[in-house]
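Heads up, the thing below is written out as structure tokens.
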Amino acid sequence: MATWLGWQIESNWTDPLLFATYSIIKPLAGASILVVMYAVITHGNFSAPMFQWIYVGSALYLYVGSIMTGISWGVVDDRERYRMLKYLYAVPTPFAVYLLGRGVSRFITGSFSVWITILFGVIFLKIRQSPEHFHPALFVVGLVLGLATLASMGLVLGAVVLTLKTHTEQLGDAVAGALYLFSGAAFSIAMLPAWLRPLAYALPLGYWLEVMRRSLLGPPPAQFATFAAWSDGQLLLALLGFAAGYALLAAGTLKVCVHSARERGMLDQVSNF
Amino acid sequence: MFPAVHKRTGWRAALMTIFGRAYPRVIGATRELSWIFFEIFLPLVAVSAYVFVYRGLGAPEAYVGFVVVGGAMTAFWLNVLWSMGSQLYWEKETGNLGLYIMAPCSLMSILLGMALGGMVATSARALVILLLGAVLFHVHFAVSNFAQLFAVFMLTMAALYGLGMMFSSLFLLMGREAWHFSHLAMEPVYLVSGFFFPLRSFPFWISAAASILPLSLGLDAMRQLVFPPGTIHPFLGVKLEIAFLAVLAVLFIAAARRLLDHMERLAVREGRLTDRGA
């Protein structure tokens, strides 16, 4: 039901054609920023393996913004705009399930964006995927584990938003934008200063993108050799650990934040300034 | 038949309105300081990612400076989109718009107050990104002409906020599409305005078309003025860009005024503009 509601909110504001255009332009423009940056420096050497790795990584990263923003924005939207959050909290459905449902609708639109972006790369930017490098099993398992982890991260963010009064509108985008630095999507984690690298290794995004890119493109290029020594199995095991760890973290954070929001009267708060 | 409401006009009423609307935003920001983390620290981290992209590609260090300046200016675009463009629509959804339209002061002053109030956080964010970006990434600024830099910045802001006021009326007339348009107008504008690379990276006609957005010319001129000569291949000369920015500022502010008047008349005549969910 929450997914259906979220989908209606996301999509029924216009006709399907305009909605599809909207869903295409935004992610393509985001990817094009990197494409232009790359083209300016390398004089358009799009056939390099490094570019394929950057492009596909950045396209997949769109999932991070979609899912995290979907859940956290659901809290703001239902609380401030539709003023339904307190009722949703009171219904006998687990609150986390409702929030996840709101996130699923953004996941659907996000999937559209991700695969349109990749398709654009294949058609116009020489992104080549050779069949011998495609590992469907790795792809599916990596995608499921990664999305489960992202959903938990989104729940953590949504829970935190419950306890905030101000400046929550752009929070999902801001967090996703900041995590981009630690994801290794467009540059190797090894490029980060030594004091920042542990944070990147402590987050699941780098592992997830490595699995996804390996499953689609094969072995990483020399510029992205951070996880070169890791086998596929090791990476999946790490992802499984992250998925379990973040699920626990999400459950704990949600419990604490919902309690705090309830005690402070923030479930039906409207900021209005 | 009720007599028409006479709204207070003149600079004194405008200043009082601007102050009155800016006040809750400024005070609100001091009540919960989490915005410092979310609106300054996180965007700084996001901008840093683009610096590392360039470093990963082995780009000349000048590009790091372009990213820092562009990253700082993203704050103003977001402020215009969300705190001006979408604001009246949001006020409608939260039930305040009717009060604004009934209030005996101009809507333009109310919008300006919102913008100025929001600019406290925006300017802080832009300044911190500039300063910390300069320190962390060793960006060397060498301002060649302070007067021109001041003129470029002020004209860019005037044109940009004029555009924001125009958006606020248009978005209100659009309804829910407005919200989505605001989302849509982020990455494409970052792209065509050259936030993370020089505007001249595009073919001439694309850059020329992008110049309708004040930040495109503003950024190009600022980069010419804050970096040593020869660092950037400019799209146009600074003086020409100042002239274009002045034209844009006048055009957008005049258009914003007409649109706001139109929207206000519509609200009074049809009585439906303030309906939530419409």
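Just so we're on the same page: letters track the sequence lines, and every chain starts at 1. Please read all numbers here as calculations on a predicted model, not as lab measurements.
For the pair A/I33 and B/F195, the minimum side-chain heavy-atom distance is 4.5 Å or more.
Among residues 181-188 of chain A, the residues having any heavy atom closer than 4.5 Å to a heavy atom of chain B are, in sequence order, A/L181, A/F182, A/A186, A/F187. Residues of residues 59-75 of chain B that come closer than 4.5 Å to chain A, counting heavy atoms only, are B/A59, B/P60, B/Y63, ordered by residue number.
Contacts of B/M186 with chain A are made by side-chain atoms alone, with heavy-atom separations under 4.5 Å and no backbone atom involved. Heavy atoms closer than 4.5 Å to chain A are found nowhere in B/P43, neither backbone nor side chain. There is no contact between A/S58 and chain B, counting heavy-atom distances below 4.5 Å. For A/L34, the part sitting under 4.5 Å from any heavy atom of chain B is the side chain, from C-beta outward, and nothing else. Proximity to chain A (any heavy atom under 4.5 Å) is shown, for B/Y190, by both the backbone and the side chain. Looking at A/I54, only its side chain comes within 4.5 Å of chain B, counting heavy atoms on both sides.
When all heavy atoms of B/E187 and A/A29 are compared, the closest pair comes out as C-CB, 3.8 Å. Between B/L57 and A/M37, the shortest heavy-atom distance links the atoms CD1-O, 4.1 Å. Scanning both residues, B/F52 and A/M191, for their nearest heavy atoms gives CE2-O, 3.6 Å.
We find the CD1-CG distance between A/I25 and B/L191 to be 11.5 Å, quoted to the nearest 0.5 Å.
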Quiz item: Between B/F196 and A/V36, does a side chain to side chain contact (heavy atoms under 4.5 Å, CB included) hold up when you go through it step by step?
Solution: CA-CA 9 Å; B/F196 300 110; A/V36 175; over 6 Å; no
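Remark: A/Y201 OH is packed, more than 12 non-hydrogen atoms of other residues, nucleotides or ligands lying under 6.0 Å away.
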